[in-house]
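Have a look at the structure below before the remarks.
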Amino acid sequence: MNLVNLESVSHAFGPKPLLTDVTLGIGQGERIGVVGRNGGGKSTLISIIAGELKPDSGRVTHNRGLHVGLLSQRDDFDPAAPVGDLVLSGRAEHEWAGDATIREILANLLGDIDLTTQAGALSGGERRRTALAKLLIDEHELIILDEPTNHLDIEAIAWLAGHLAQRKSALLVVTHDRWFLDAVATRTWEVVDASVERYEGGYAAYVLAKAERARIAQAAEERRQNLMRKEIAWLRRGPPARTSKPKFRINAAEALIANEPPARETVELMKFASARLGKTVYDLEDVTLHAGGPGAGPVVLDHSTFQFGPGDRIGLIGVNGSGKSSVLRLLSGSVTPDSGRVVRGKTVRLAHLSQELAELDPSRRVLETVEEIRKYIQVGKKEWSASQLLERLGFKGEAQWKVIGDLSGGERRRLQLLRLIMDEPNVLLLDEPTNDLDIETLTELEDLLDGWPGTLVVVSHDRYFLERVSDRCVALLGDGKLSMLPGGVDEYLARRATGGALSARAASSGTALAVPAGAGAASETAAGGSTGAAASGGLSAKEQRELQKELGRLERQLDRLGEREAKLHAQMAEAASDFERLGALDAELREVATQKEEVELEWLDLAARLDS
């Protein structure tokens, strides 16, 4: 039974149609990720589903008494209201302190905020986390989240994904965070060309299905298909699979990317980078650095020695407030260490993308501001014009002649990044480059960086992007050192978990959450119990074994049908001139294809029961 139904819904913004004749529904317990280009209609769609916006035409129906929780991009908090009153909705302390789930939400989202603080004193990120905590504590049959990972660090994002996966309520989430999308979504909706395309599974399954559709229909242009195959190649060759995919789906992916080269030609890029940079890029020698200047604020580095070499592609990880941006400013030369020294290579040509938007003349046009840096640039083996690169990063056609004063924050961010790349640096420092970028633009940016030879240091809470563009991870773990992480983000989360995430987060901010003694242990026990229940899916051990056995039988049957299919194709090629024989073989091939489809559907049904 659906909680919400949309029937022939259409809506436009001025002359631009955002949704045209859209019909869809959200069922109980479904977890749906919504993707699409910025301005394509994602926020409009969720506003209509939430009942906050009335469509131009069509009908939206909610179940009687449906409780919908919406996390939008803005809040209406009373500036004088304490955080505790806002989040806990007047619950008495003994009531919420005795609830392990509430304690867990408070610890992971508001661990560095005093609950007596007035809402008017909160930063934008703190207000966002407060709104998210309030929504998760309240009871809803349907939760709608618009970019919930904004202002969360990697650790908090991982916790949120686990929390949402365990909840029984339905979920609709708009996000550009592809790792998060894969971790929580069981279905994906793509808002494109005023319609909604639906896919089973999270981001990895969506990419594969979209590539298969494009390949079968031969409708997508060649470059878009190449990007999609490259994305799938990384999904299969990169960190362990992000979703459990049936064997026949994996085989399809491997056939699609069989001749696809790695995302980056690492050896060639390293040679080119070494030629441009020499042996020295940045050497940190016994460096001590405080976040607020000499002796002020938390210690970021304490007598730390580290080397950034030519061609290094490093992802810098740490909780909010750990000093990641301070390290980038140290490398850029905008701050100096308290002690020790930073040796910078003589050939370093630096570009630093900070979180602050550079001031641009609001009366200038987009293409002019890029061409004033350079009209052409060599990326890898190909030369690109300023106009071509603008198109790759979302400025298509007339958008290249827009006045800068009319650009959104996300468009200014893209323009700032492109101007940096056009200056042909050999060292790139990127601080949260994915802010306000949609998935298509992120994919283009990743592809652009694949061919860029030089040293890259990137700070990002977008785990997918971080793993995609970097070759190794370095973390600030609060001990004043830059720690290498051979196991990447997974190793970082494991280290943080064993080191006590709450105490480290509270120590970095100098404040603590008022939680009764023993609450942390109770919270961990409750969380562990929930995880175990989710893993079992409500099935007994015997039932799980029987399902696994049946899945194995179906996979063997699919292998046999696949072999039979291949033989029939070979026999048809040999019997090309024997029309009678060819007809018989074709009929048998259709029968095998039908059997294969039935077995695949049976496999998917059983796999869904095992994972539910």
Side-chain angles (χ1 to χ4, degrees), residues 111-113 123 125-126 151-157 281-309 312-345 348 350-356 427-433 435 455-463 466 470 472-485 488-489 491-493 495-512:
D112 57 348
I113 299 176
S123 67
E126 290 170 336
H151 305 291
L152 299 185
D153 57 33
I154 284 178
E155 190 176 356
I157 292 171
V281 181
Y282 287 104
D283 290 348
L284 275 57
E285 299 178 357
D286 198 34
V287 167
T288 296
L289 175 71
H290 285 77
V299 175
V300 177
L301 300 176
D302 185 10
H303 298 285
S304 178
T305 297
F306 197 86
Q307 185 177 72
F308 297 86
D312 281 351
R313 304 175 75 96
I314 294 174
L316 184 59
I317 310 174
V319 298
N320 287 339
S322 60
K324 302 183 296 295
S325 295
S326 296
V327 171
L328 294 190
R329 288 194 291 269
L330 177 70
L331 297 178
S332 71
S334 58
V335 300
T336 56
D338 300 9
S339 62
R341 68 178 190 142
V342 178
V343 180
R344 175 174 169 169
V348 166
L350 174 71
H352 180 197
L353 179 73
S354 67
Q355 294 194 48
E356 293 77 34
V427 175
L428 265 178
L429 307 178
L430 302 180
D431 196 351
E432 295 295 348
N435 286 355
T455 296
L456 172 68
V457 183
V458 58
V459 169
S460 178
H461 294 148
D462 185 329
R463 178 171 173 176
L466 194 74
S470 62
R472 57 190 177 124
C473 291
V474 175
L476 290 167
L477 295 169
D479 57 359
K481 308 297 179 188
L482 287 166
S483 303
M484 287 294 301
L485 299 175
V489 176
E491 181 180 344
Y492 166 77
L493 293 173
R495 287 203 197 183
R496 289 283 298 156
T498 56
L502 176 56
S503 60
R505 189 188 297 271
S508 70
S509 65
T511 59

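Between Ser354 and His352, some side-chain heavy-atom pair lies under the 4.5 Å cut-off. A 4.5 Å side-chain heavy-atom check between Leu284 and Leu331 finds at least one atom pair inside the cut-off. Looking at Val458 and Pro433, their side chains come closer than 4.5 Å, going by heavy atoms from C-beta outward. Contact annotation: the side chain of Val281 approaches that of Val348 to within less than 4.5 Å [non-hydrogen atoms, C-beta and beyond]. Side-chain contact between Ser460 and Leu430: absent, with no pair of heavy atoms (C-beta onward) separated by less than 4.5 Å. Looking at heavy atoms from C-beta onward, Thr455 lies out of side-chain contact with Leu428 at the 4.5 angstrom threshold. Counting heavy atoms from C-beta outward, Leu482 and Leu316 have side chains that approach closer than 4.5 Å.
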Practice prompt. Verify side-chain contact (heavy atoms from CB on, under 4.5 Å) between Arg495 and Leu477, making sure each step is shown before the conclusion.
Written response: CA-CA 9 Å; Arg495 287 203 197 183; Leu477 295 169; 3.4 Å; yes
Worksheet item: Run the side-chain contact (heavy atoms from CB on, under 4.5 Å) check on Glu432 and Val459 step by step: do they pass?
Response: CA-CA 6 Å; Glu432 295 295 348; Val459 169; 4.2 Å; yes
Practice prompt. I would like to know whether Leu429 and Leu353 meet side-chain contact (heavy atoms from CB on, under 4.5 Å); could you show each step before the answer?
Written response: CA-CA 6 Å; Leu429 307 178; Leu353 179 73; over 6 Å; no
Worksheet entry | Working for side-chain contact (heavy atoms from CB on, under 4.5 Å), residues Phe306 and Glu285 | CA-CA 7 Å; Phe306 197 86; Glu285 299 178 357; over 6 Å; no
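Considering every non-hydrogen atom in both Leu350 and Ser332, the closest pair reads CD2-CA, 3.4 Å. Scanning both residues, Ala475 and Tyr492, for their nearest heavy atoms gives CB-CD1, 3.9 Å.
Residue pairs meeting the salt bridge (charged side-chain N to carboxylate O under 4.0 Å, His left out) criterion with at least one member in residues 320-338, sequence neighbours excluded, do not occur.
Residue Val342 forms a side chain to side chain contact (heavy atoms under 4.5 Å, CB included) with just one option from Asp283, Val287, Leu289, Val335, and that option is Val287.
For the 3.5 Å distance criterion, the side chains of Asp286 and His303 qualify, holding a donor opposite an acceptor.
With rounding to the nearest 0.5 angstrom, the CD1 atom of Ile314 is 6.5 Å from the CE atom of Met484. Atoms NE2 and CD1, from His461 and Ile154 in turn, are 6.5 Å apart once rounded to the nearest 0.5 Å. Rounding to the nearest 0.5 angstrom, the gap separating the CZ atom in Arg463 from the CG atom in Leu493 is 5.5 Å. In this structure, the separation between CG on Leu476 and OG on Ser322 is 5.0 Å, given to the nearest 0.5 Å. Taking CG of Asp462 as the reference point, atom CD1 of Ile157 lies at 7.5 Å (rounded to 0.5 Å).
With Ser304 contributing its side chain and Leu301 its backbone, the two residues share no donor-acceptor pair below 3.5 Å. In terms of modelled atom types and a separation under 3.5 Å, the side chain of Tyr282 and the main chain of Arg344 share no donor-acceptor contact. Checked by atom type and distance alone, the side chain of Asp153 pairs as donor or acceptor with a backbone atom of Glu155 at under 3.5 Å.
Under the side-chain hydrogen bond (donor to acceptor under 3.5 Å, both in side chains) criterion, Thr336 pairs with no residue at all, not counting sequence neighbours. Asp431 meets the side-chain hydrogen bond (donor to acceptor under 3.5 Å, both in side chains) test with Ser325, Gln355; sequence neighbours excluded.
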